[in-house]
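In this chain, numbering begins with 1 at the start of the sequence shown.
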Amino acid sequence: MYQIKFGTDGWRGIIASDFTVENVMRCAQGAAVYVKKHFPDNMNVVVGHDCRFAGELFAETTAQVMCANGIKVIMGKGFVSTPMISLGTVNFKAALGIIITASHNPASYNGFKLKAHFGGPSNPATIDEVENNIPEKVDLELKPISELVNEGMIKYADLETMYVDEAEKNFDIIAIKDSGKEFAYDAMYGAGQNVMRRLFPEIPLLHCEHNPGFKGQAPEPIHKNLTEFSELIKMSHHHEEKPIDCGLVTDGDADRIGLYNNKGEFVDSHHIILLLIHYLHKYKGMSGKVITTFSASSKITQLAKAYGLEIEITKIGFKYICEKMVTENVLVGGEESGGIAVKGFIPERDGIWIGLTLWEFMAKSKKSLDQLINEVYAIVGKFAMDRSDLHITEEIKQRVLENCKAGNYTAFGNYKIEKVEDLDGFKFHLGNGEWVMIRASGTEPVLRVYSESSTKEGASKILEATKNAILK
């Protein structure tokens, strides 16, 4: 029997190999047991799927299992993004949201993600409980979808329109359109495409077609996957009447963001988080706590302190940020990998929502992205981040971790270690605001090494020196 293991907010597997109708039924049954136990008076779930292969089949299978357990289902019409499921879960006051997605993974994968009743990632205790509820097999009489619709067990909801309405209510879309700035969007063939086409039909839209194979490219918004978009922005300054000022990218299920300036240069999440704090606090007068993860730039702490905002650093994983957003007054919560949420909306990563916040900032301030970044640099100083994923043997991985734990590293090349933190991995502070961090992947023989310096060259040099020291 295939063992289903849930990761941070659900399970992912290879379609037709691990991710089968039978295994999806097992997951759905585990979730149904959870709903019946914890929400006996509110037996409703929201279910949807993104643009991946067979998404509709797996979403309908999930719905059929829920209905067989006496749980009513609100089904998203067509493909939807993860934030749409989270928003729907809140608006319909459902016990749980389920989206069939493998997020930014390659096209051969699909997944089963759980969203809590408050509209964000389920907490680790819920994930564990659902996983423990998963049976070896499911023996249920599943009724056809049409019959369940007739019985009123399944109702279809237009989650896309619900999301568009929410965006139009919260953002000054007219100001963005009338700003004189040209914006562009790359959907990576993912679930954000219809929303952005509805909100901004007139802007350059890339990869906004339904292509479950993502044209052979994993829909992860990192620069190496986005060279076509970067080139489009650069070329617009040579040939177009309207050169592009800023480009937004979202991943397969549209919860992660990628961003480009008017030179076609990638703007990382660290800079995005800083811009959000700057806009929401300084320009809009909002306040609240700033939460970021252990691998994020120390400049975020510096800016929060400069503005008198409380800052908290969590372990890596958006679920740790979400837990705080549900119970505390949080202004911005974000992680290095592009998952960011802001006050005034659901406690959920949302690439489109964050992109619209930044486009509105540019429109209202009448400034370019680089000018706004320079305003932040004027407070915290310039910086650059780098990261390298070392694919090594399990044996070498364990040896490096043992050395970290034992405190055997005193320097990496010419970089002397001044202090070490071990909240989630090992962060070595090297003085002058520079640091390097080593963190092991929990699932494969990979060491992730992150660095921060005042320049890109500096950050790269730190990585090189660290790699040479730990792998010799």
Q: Report the C-alpha distance between E375 and K282 in whole Å, list the side-chain angles of each, state the deciding distance to 0.1 Å, and finish with yes or no for salt bridge (Lys or Arg N to Asp or Glu O under 4.0 Å).
A: CA-CA 11 Å; E375 287 185 9; K282 181 154 190 238; 5.4 Å; no

Aromatic ring centroids of [X] and [Y] under 6.0 Å?
X    : Y    : answer
F171 : W359 : no
F412 : F428 : yes
H49  : F79  : no

Q | Stepwise side chain to side chain donor-acceptor pair (under 3.5 Å) check, N329 with K343 | A | CA-CA 8 Å; N329 173 23; K343 188 174 179 172; 2.9 Å; yes

(Q) Quick test of your reading: applying salt bridge (charged side-chain N to carboxylate O under 4.0 Å, His left out), list the pairs with at least one residue in residues 385-398, sequence neighbours left out, ordered by first then second residue. (A) E336-R387, R387-D389, D389-R448, E394-K397

Q: Can you tell me which residue pairs pass the salt bridge (charged side-chain N to carboxylate O under 4.0 Å, His left out) test with a partner in residues 355-365, sequence neighbours excluded?
A: D172-K364, K284-E360

ring-ring contact (aromatic ring centres under 6.0 Å, His included) partners for [X], two or more places apart:
X    : answer
Y450 : none
Y415 : none
F53  : none
F229 : Y260

Taking NZ, NE, NH1 and NH2 as the nitrogens, is one of them in [X] or [Y] under 4.0 Å from a carboxylate oxygen of the other?
X    : Y    : answer
K461 : E464 : no
R52  : D253 : no
D422 : K427 : no

In terms of ring plane angle, is the pair [X] and [Y] parallel, tilted or perpendicular, where the classes change at 30° and 60°?
X    : Y    : value
Y279 : Y283 : tilted
Y2   : W11  : tilted
H223 : F266 : tilted

Q: Begin from the C-alpha positions of K299 and E452 and carry the test salt bridge (Lys or Arg N to Asp or Glu O under 4.0 Å) through to its verdict.
A: CA-CA 10 Å; K299 298 293 184 184; E452 176 169 9; 5.4 Å; no

Suppose we screen for side-chain hydrogen bond (donor to acceptor under 3.5 Å, both in side chains). Which residues come up paired with [X], at least two apart in sequence or across chains?
X    : result
S365 : none
E310 : none
N211 : none

**Q.** Working for side chain to side chain contact (heavy atoms under 4.5 Å, CB included), residues V449 and L390
**A.** CA-CA 8 Å; V449 188; L390 307 180; 3.8 Å; yes

Q) Can you pull the ring-ring contact (aromatic ring centres under 6.0 Å, His included) pairs that have at least one residue in residues 100-131, sequence neighbours excluded? A) F39-H117

Q.
Show me the pairs that pass ring-ring contact (aromatic ring centres under 6.0 Å, His included) and involve residues 284-342, at least two apart or across chains.
A. H281-Y307

Q) Using a distance-only test with no angle check, is there a side-chain donor-acceptor pair under 3.5 angstrom linking T82 and D255? A) no

Q | Donor on one side chain, acceptor on other, Q217 and H207, under 3.5 Å | A | no

**Q.** Any side-chain heavy-atom pair of V80 and E160 under 4.5 Å
**A.** no

Q.
A side-chain contact here means heavy atoms from C-beta on lying under 4.5 Å apart; do N123 and T126 qualify?
A. yes

Q | Worked verdict on F383 versus H271 for ring pair (Phe, Tyr, Trp, His ring centres under 6.0 Å) | A | CA-CA 9 Å; F383 73 101; H271 285 83; 4.3 Å; yes

Q) Which residues pass the side chain to side chain contact (heavy atoms under 4.5 Å, CB included) test with K419, sequence neighbours left out? A) H429

Q.
Working note: D370 + K263, criterion salt bridge (Lys or Arg N to Asp or Glu O under 4.0 Å); need CA distance, chi angles, decisive distance, verdict.
A. CA-CA 10 Å; D370 284 354; K263 300 188 202 81; 2.5 Å; yes

